[in-house]
Amino acid sequence: VLVSVERVDVRKMLELKGEQQKLQRVDMVMHVLRNLPEWLKNDIESVLLAEVASGMLEQIPSQMTRQMWELGGVDVDVEAKSKDEQADFLLKAMRQLDHEEMLLTGGYFATEGRAPTEEE
């Protein structure tokens with residue numbers, strides 16, 4: 001499952017958590033940002049959003065694991081990766097699945113009915 005965070009409403013997130021002090025700081029920062037030149041505002045927003053995303057990456061695995069268990073009794077292992085880490089992670093996961101399939105089929109790829117070549 002790939003989950004992409006397209007937009008984050010930081011105000012709403014903090015309101016739901018009851019984080020009034022952080023909410024006040026966000027409001028103050030947003031007020032300052034409104035008065036900055038557009039080019040500077042975009043740079044600062046990018047840095048701030050990267051920080052929020054980093055914090056979310058740390059929290060998402062445990063939250064999703066807990067929610068999947070509570071909602072459906074599903075025991076899952078959730079890993080969150082940044083965009084820079086995703087390609088390597090997916091390639092390693094695919095290799096692991098191929099290896100497990102080979103073990104289950106006695107060294108043959110079940111989908112192709114043949115032994116793997118040296119390149120595989």
Side-chain angles (χ1 to χ4, degrees):
V1 176
L2 175 63
V3 177
S4 295
V5 178
E6 300 294 327
R7 184 175 174 278
V8 176
D9 186 340
V10 177
R11 286 195 98 267
K12 185 166 190 136
M13 193 168 61
L14 293 172
E15 285 174 0
L16 291 172
K17 288 183 172 185
E19 300 272 359
Q20 294 305 317
Q21 281 186 325
K22 288 182 182 178
L23 187 57
Q24 288 173 351
R25 281 187 268 168
V26 166
D27 287 341
M28 184 177 65
V29 168
M30 295 306 289
H31 178 71
V32 170
L33 283 176
R34 277 187 219 111
N35 298 316
L36 292 176
E38 197 66 29
W39 65 271
L40 184 58
K41 181 168 82 170
N42 291 337
D43 287 349
I44 292 173
E45 283 178 349
S46 294
V47 170
L48 293 173
L49 289 175
E51 285 297 313
V52 170
S54 175
M56 290 178 74
L57 275 176
E58 293 172 10
Q59 295 174 5
I60 285 175
S62 63
Q63 289 175 352
M64 285 190 72
T65 300
R66 181 179 33 77
Q67 286 178 346
M68 293 294 288
W69 180 253
E70 290 172 356
L71 294 174
V74 179
D75 187 16
V76 296
D77 181 27
V78 177
E79 294 188 42
K81 301 291 180 188
S82 69
K83 285 187 177 189
D84 294 338
E85 299 171 308
Q86 288 176 8
D88 287 339
F89 178 78
L90 290 173
L91 288 173
K92 287 177 187 174
M94 289 170 51
R95 279 192 216 111
Q96 182 178 350
L97 289 173
D98 284 346
H99 179 71
E100 290 172 6
E101 182 179 357
M102 280 185 7
L103 292 175
L104 290 173
T105 60
Y108 293 90
F109 284 100
T111 55
E112 299 175 12
R114 62 175 178 75
T117 64
E118 288 184 24
E119 295 84 38
E120 299 173 320

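Values reported hereafter were calculated over all heavy atoms of this structure, with side chains retained and with hydrogens, waters and symmetry mates removed.
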Practice item. Flag yes if more than 12 heavy atoms outside K22 fall under 6.0 Å of its NZ atom; otherwise flag no. Key: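 No - once you tally the heavy atoms of other residues, nucleotides and ligands closer than 6.0 Å, there are 12 at most.
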Check your understanding: Is the CD atom of E70 crowded by more than 12 outside heavy atoms at less than 6.0 Å?
Key ->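 Yes, CD of E70 has more than 12 neighbouring heavy atoms, counting only those of other groups under 6.0 Å.
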Check your understanding: Do any N or O atoms from the side chain of S54 and from the backbone of A50 form a donor-acceptor pair under 3.5 angstrom?
Key ->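 Checking the backbone N and O of A50 against the side chain of S54, no donor-acceptor pair under 3.5 Å is found.
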Check your understanding: Please walk me through it: do R11 and D27 pass salt bridge (charged side-chain N to carboxylate O under 4.0 Å, His left out)?
Key -> CA-CA 8 Å; R11 286 195 98 267; D27 287 341; 2.6 Å; yes
If you round to the nearest 0.5 Å, how far is [atom2] of [Y] from [atom1] of [X]?
X   : Y   : atom1 : atom2 : value
E19 : Q21 : CD    : CD    : 8.5 Å
E51 : S46 : CD    : OG    : 12.0 Å
D43 : L36 : CG    : CG    : 10.5 Å
L23 : K12 : CG    : NZ    : 12.5 Å
R25 : L14 : CZ    : CG    : 9.5 Å

Is there a side-chain contact between [X] and [Y], using heavy atoms and a 4.5 Å cut-off?
X   : Y   : value
V76 : M64 : no
Q86 : S82 : no
V74 : W69 : no
D77 : E79 : yes
E45 : L48 : no

Check your understanding: So among L33, N35, V29, which one has a side-chain contact (heavy atoms from CB on, under 4.5 Å) with H31?
Key -> N35
Practice item. Flag the pair K41 and E38 as a salt bridge only when some basic side-chain nitrogen lies within less than 4.0 angstrom of an acidic carboxylate oxygen. Key: yes
Practice item. Salt-bridge test for K83 and E85: reply yes if a basic N is under 4.0 Å from a carboxylate O, no otherwise. Key: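 Here K83 does not pair with E85 in a salt bridge, since their nearest N and O are not under 4.0 Å apart.
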Practice item. Consider only side-chain N and O atoms of E100 and Q96, and report whether a donor and an acceptor are under 3.5 Å apart. Key: yes
